[in-house]
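Just so we're on the same page: letters track the sequence lines, and every chain starts at 1.
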Amino acid sequence: MTEPGREEPGLERASGWDCFYAVVAEIPRGKVATYGGVARLSGVYRGARAVGWALRALPPGAAVPWWRVISSQGCVSPRAAGMQAQADLLRQEGVVVSDDLRVDLERYLWDAEAGA
DNA sequence: CGTATGACGAGCC
DNA sequence: AGGCTCGCCATAC
């Protein structure tokens with residue numbers, strides 16, 4: 001990780017989102033991060049929306065675990081089209097997703113700031 | 001160039 | 001405690 005200078009073969013739309021993708025790609029398996037969290041780690045405190053846009057524009061073959069990115073409320077993107085599949089992916093990684101598509105941030109929140 | 005939208009966040013009522 | 005509005009960044013039209 002920590003190699004944002006290298007563009008993945010599936011990321012051609014990377015303009016200013018490369019930072020976001022780099023942070024999201026660093027999220028360890030079994031952990032989740034919040035939009036605002038990724039934005040902060042990327043250097044944009046109030047860029048939560050920008051992160052949403054970045055993930056939203058993410059190609060289907062992107063090498064970015066966008067499913068590990070959830071809202072600060074601990075719930076999986078309620079606007080996402082395949083949120084059900086997203087929850088399933090998280091479960092496969094060991095993350096316990098409630099039937100309400102909610103994740104225990106206190107338990108699965110990626111401590112990038114504390115772990116970095 | 002200005003306006004509108006968007007998978008959010010935090011503050012305010 | 002709950003709900004609503006504004007603000008942030010970036011892209012699209």
Side-chain angles (χ1 to χ4, degrees):
Chain A
M1 53 300 281
T2 66
E3 287 301 328
R6 184 189 83 286
E7 310 278 335
E8 288 298 315
L11 304 174
E12 70 281 333
R13 295 285 178 171
S15 46
W17 304 342
D18 185 63
C19 313
F20 302 125
Y21 297 144
V23 175
V24 177
E26 286 187 77
I27 302 173
R29 180 171 167 281
K31 286 277 190 172
V32 297
T34 62
Y35 290 97
V38 174
R40 287 179 72 160
L41 293 170
S42 300
V44 187
Y45 180 70
R46 300 292 198 284
R49 278 165 140 145
V51 176
W53 256 105
L55 299 178
R56 180 254 217 180
L58 219 56
V64 183
W66 60 271
W67 53 85
R68 288 179 192 156
V69 184
I70 61 180
S71 63
S72 62
Q73 296 173 45
C75 51
V76 179
S77 315
R79 282 118 166 142
M83 61 182 185
Q84 188 59 52
Q86 178 176 3
D88 187 64
L89 283 166
L90 290 171
R91 288 174 181 173
Q92 290 181 57
E93 300 192 334
V95 178
V96 178
V97 183
S98 303
D99 295 338
D100 201 28
L101 301 180
R102 276 187 23 187
V103 181
D104 193 333
L105 289 176
E106 296 299 296
R107 181 173 175 171
Y108 299 106
L109 181 61
W110 177 39
D111 303 295
E113 299 176 43

Between [atom2] on [N] and [atom1] on [X], what's the gap in Å once rounded to a whole number?
| X | N | atom1 | atom2 | value |
| --- | --- | --- | --- | --- |
| A/Y45 | B/dG11 | OH | C1' | 11 Å |
| A/W17 | C/dC9 | CH2 | C1' | 11 Å |
| A/Q73 | B/dA10 | CD | C1' | 11 Å |
| A/R46 | C/dG7 | CZ | P | 12 Å |

Practice problem: Please name all residues satisfying side-chain contact (heavy atoms from CB on, under 4.5 Å) with A/L101, sequence neighbours left out, ordered by chain then number. | Solution: A/V76, A/M83, A/Q84, A/A87, A/V97
I'd like a list of close polar pairs between nucleotides 5-8 of chain B and the protein, N/O only, cut-off under 3.5 Å.
{"unit_1": "B/dG6", "atom_1": "O4'", "unit_2": "A/W53", "atom_2": "NE1", "d": "3.3"}
{"unit_1": "B/dG6", "atom_1": "N2", "unit_2": "A/W53", "atom_2": "NE1", "d": "3.3"}
{"unit_1": "B/dG6", "atom_1": "N3", "unit_2": "A/W53", "atom_2": "NE1", "d": "2.4"}
{"unit_1": "B/dA7", "atom_1": "N7", "unit_2": "A/R56", "atom_2": "N", "d": "3.4"}
{"unit_1": "B/dA7", "atom_1": "N6", "unit_2": "A/L55", "atom_2": "O", "d": "2.7"}
{"unit_1": "B/dA7", "atom_1": "N3", "unit_2": "A/Y35", "atom_2": "OH", "d": "2.9"}
{"unit_1": "B/dA7", "atom_1": "N3", "unit_2": "A/S77", "atom_2": "OG", "d": "3.1"}
{"unit_1": "B/dC8", "atom_1": "N4", "unit_2": "A/R49", "atom_2": "NH2", "d": "2.7"}

I'd like to know if the side chain of [X] reaches the main chain of [Y], judged simply by a donor and an acceptor atom lying under 3.5 Å from each other, with no hydrogens or angles considered.
| X | Y | value |
| --- | --- | --- |
| A/R29 | A/Q92 | yes |
| A/Y21 | A/A62 | no |
| A/D104 | A/E106 | yes |

Exercise. Determine which pairs satisfy side chain to side chain donor-acceptor pair (under 3.5 Å) with at least one residue from residues 63-77 of chain A, sequence neighbours left out, and list them in order.
Key: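 Qualifying pairs, neighbours excluded: A/Y35-A/S77, A/W67-A/E93, A/R68-A/E93.
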Quiz item: Among A/L90, A/D111, A/V103, whose side chain to side chain contact (heavy atoms under 4.5 Å, CB included) with A/K31 holds?
Solution: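 Checked A/L90, A/D111, A/V103 against A/K31; only one passes side chain to side chain contact (heavy atoms under 4.5 Å, CB included): A/D111.
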